[in-house]
Protein chains: 2
Amino acid sequence: MLELERPDTLVQRVVNSIREEIASGRLLAESRLPTEHQLAEQLNVSRSVIREAVSQLKADGILISRRGFGSYISKTPAGTVFRLPSKNGHTLDLAQLFEMRLWIEAQAAGIAASRRNAADLRRMEKALEVMAANASDFDLSAAADVEFHRAIAAACRNEYFLAFHDFLGSQLTAARRTAWENSAALRGGSMDAQNEHRELFAAIALGDPETAAKCAERHLQASAGRLGMVLPNSVYHRSQD
Amino acid sequence: MLELERPDTLVQRVVNSIREEIASGRLLAESRLPTEHQLAEQLNVSRSVIREAVSQLKADGILISRRGFGSYISKTPAGTVFRLPSKNGHTLDLAQLFEMRLWIEAQAAGIAASRRNAADLRRMEKALEVMAANASDFDLSAAADVEFHRAIAAACRNEYFLAFHDFLGSQLTAARRTAWENSAALRGGSMDAQNEHRELFAAIALGDPETAAKCAERHLQASAGRLGMVLPNSVYHRSQD
DNA sequence: AAAGATCAGGTTGTCTGACATTATTGATGC
DNA sequence: GCATCAATAATGTCAGACAACCTGATCTTT
């Protein structure tokens with residue numbers, strides 16, 4: 001099935017153009033941007049287009065504008081948002097994304113093992129119970145699975161880390177949905193998953209970071225297998241070269 | 001020194017408004033947005049304001065619009081960009097940010113130890129040499145330091161992970177610049193840092209993930225100390241509770 | 001009756017021009 | 001020298017228009 005790709009809108013082209021000016025160093029940090037009128041004339045587009053483009057760059061923290069004064073490049077021209085780099089434009093590399101999540105999740109498990117308090121453990125255990133009680137209900141048990149892993153990330157007590165964990169999760173489920181619509185592959189191995197969860201939980205409860213991290217890694221690796229994904233080699237148990 | 005709080009621009013308020021509408025579930029995924037004319041009338045602003053707001057949300061992957069048809073909520077209403085959550089609006093928690101970087105860097109070191117190839121090792125070594133040769137030149141040695149850690153992250157062979165590593169680095173240097181303008185505190189401990197780097201490099205070259213991760217963690221912890229930062233307790237060497 | 005062509009209405013994309021609000025700057029007066 | 005004030009200019013917002021395009025209904029042809 002073929003897809004027709006369309007030319008970029010003017011706004012998109014202006015955004016790319018300004019981004020490149022900055023990346024190439026022709027526009028330096030904290031230097032002033034030409035006025036919107038000038039930009040409109042230089043690029044031969046209307047001021048509305050310029051304003052929409054600048055509006056996007058402002059939202060990314062790349063530009064700053066002050067009414068009555070003008071717009072200038074931010075002190076941090078790299079911006080304040082993180083976008084997953086996508087080469088061709090749309091498709092994400094599911095395997096690499098999952099691999100990164102595996103690493104984050106493993107690190108989270110290790111840290112959680114040394115920082116978790118009683119409330120964290122209760123929250124994890126509760127999620128496990130819900131998962132066990134609703135093993136037949138896919139939506140419920142999937143939600144409990146997310147909650148279990150989220151409780152682990154939350155036990156690290158770092159809001160940025162937690163936010164990034166959530167971000168990866170949402171990106172992954174979204175990408176998976178668009179890739180294969182059949183996530184039913186999970187159903188088969190739910191018993192194994194439950195055991196892996198229990199192991200992981202035990203290591204965290206015991207306060208054993210190394211074991212927790214390894215349990216998490218094994219669990220995620222197994223999950224990938226259940227989803228039919230092929231990851232690069234394992235991190236810790238790989239043959240030496 | 002006090003700061004004058006200004007009311008948000010109309011565009012910003014519209015953006016927040018639509019975001020909230022989605023977060024609260026009043027606007028469902030894949031459902032259509034009112035037309036720009038309707039939105040303008042409902043919110044009592046001009047269409048230009050609506051267009052700028054929608055433009056931002058499109059850039060974040062929250063909205064999608066098709067000419068002649070309309071705009072609708074994306075399948076992934078969480079968006080495709082990651083923003084560091086900032087409560088009050090501007091200041092980031094430097095300690096938490098640094099802590100997260102420490103974790104990422106430690107994980108990167110461990111993975112790199114099992115994935116690095118000859119070219120990776122050469123790249124790291126080269127960075128170390130540059131750093132040693134220009135110990136007195138702050139800018140040069142700082143750049144080499146960045147390059148060293150970047151080579152480690154690159155050796156993990158995961159472009160998303162590398163991109164996130166870079167993002168954290170840029171955010172951190174930016175935040176540090178605005179916090180204290182004097183990063184001269186680094187100068188004193190450059191000899192220690194050099195030793196830590198050598199240790200870390202040796203572990204990676206040897207292919208010992210656990211040691212590499214621990215070296216990286218110690219190094220970053222020491223760096224934090226040299227910067228006068230107070231981090232939460234270490235992950236692995238913390239007293240049991 | 002079914003398939004294709006045409007048309008009408010609506011929506012986003014872009015352009016134009018205007019006014020409001022705010023910051024900079026230089027002249028003025030003392 | 002210093003405060004005041006007008007002139008200038010930039011962004012923020014508004015209003016209206018046309019272009020390009022999509023959808024669905026109607027009309028035409030087979």
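All values below were derived from every heavy atom in this structure, side-chain atoms included, with hydrogens, water molecules and symmetry-related copies excluded. Owing to the predicted nature of the structure, the values given are computational and were not obtained by experimental measurement. Numbered from 1 within each chain, the chains take letters A, B, ... in sequence-line order.
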Would you check, one step at a time, whether the test side chain to side chain contact (heavy atoms under 4.5 Å, CB included) holds for B/R19 with B/D60? CA-CA 11 Å; B/R19 276 206 141 95; B/D60 280 10; 2.8 Å; yes

Could you list where the contact with chain A starts and ends along DNA chain C, reading 5' to 3', using a 4.0 Å heavy-atom cut-off? C/dT14 to C/dT24

Scan B/K126, B/R115, B/R157, B/R150 and name whichever one has a salt bridge (charged side-chain N to carboxylate O under 4.0 Å, His left out) with B/D120. B/R157

B/Q12 atom CD is separated from D/dG12 atom P, nearest whole Å, by 11 Å

Spell out protein contact along nucleotides 20-26 of chain D as letters: B when the base is contacted, S when just the sugar-phosphate is, - when no protein heavy atom is under 4.0 Å; keep the 5' to 3' order. BBBS---

Residues in ring pair (Phe, Tyr, Trp, His ring centres under 6.0 Å) contact with A/F161, at least two apart in sequence or another chain: B/W103

Identify, residue by residue, the members of residues 27-46 of chain A with a heavy atom below 4.0 Å from DNA chain C, and return them in order of residue number, or none. A/V45, A/S46

Considering every strand and a 4.0 Å limit on heavy-atom distances, what is the contact class for A/V11: base, sugar-phosphate, or nothing? sugar-phosphate

Atom-to-atom span, CD of B/E52 to C1' of D/dT13 - whole angstrom: 9 Å

Which pair of heavy atoms, one from A/S55 and one from B/V11, lies closest together, and at what distance? OG-CG1, 4.3 Å

Checking A/H219 now: which residues fulfil ring pair (Phe, Tyr, Trp, His ring centres under 6.0 Å) with it, not counting sequence neighbours? A/H149, A/H197

Between CG on residue A/N134 and OG on residue A/S141, distance to nearest 0.5 Å: 7.5 Å

Checking A/Y160 against B/R101 for the side chain to side chain contact (heavy atoms under 4.5 Å, CB included) test, could you report, in this order, the C-alpha distance in whole Å, the side-chain angles of both residues, the deciding distance, and whether it holds? CA-CA 10 Å; A/Y160 300 143; B/R101 180 176 131 105; over 6 Å; no

Among all residues two or more places apart in sequence or in another chain, which pass the side chain to side chain donor-acceptor pair (under 3.5 Å) test with B/R66? none

Lys NZ or Arg CZ of B/R32 over B/F69 ring: under 6.0 Å, within 45°: yes

Under 4.0 Å between a Lys/Arg side-chain N and an Asp/Glu carboxylate O for B/R26 and B/E20? no

Would you indicate what A/T9 reaches in the nucleic acid, counting non-hydrogen atoms under 4.0 angstrom: base, sugar-phosphate, or nothing? sugar-phosphate

Rounded to the nearest 0.5 Å, how far apart are CD1 of A/I62 and CD1 of A/I73? 9.0 Å

Nearest whole Å is fine: how far is D/dG12 P from B/R51 CZ? 17 Å

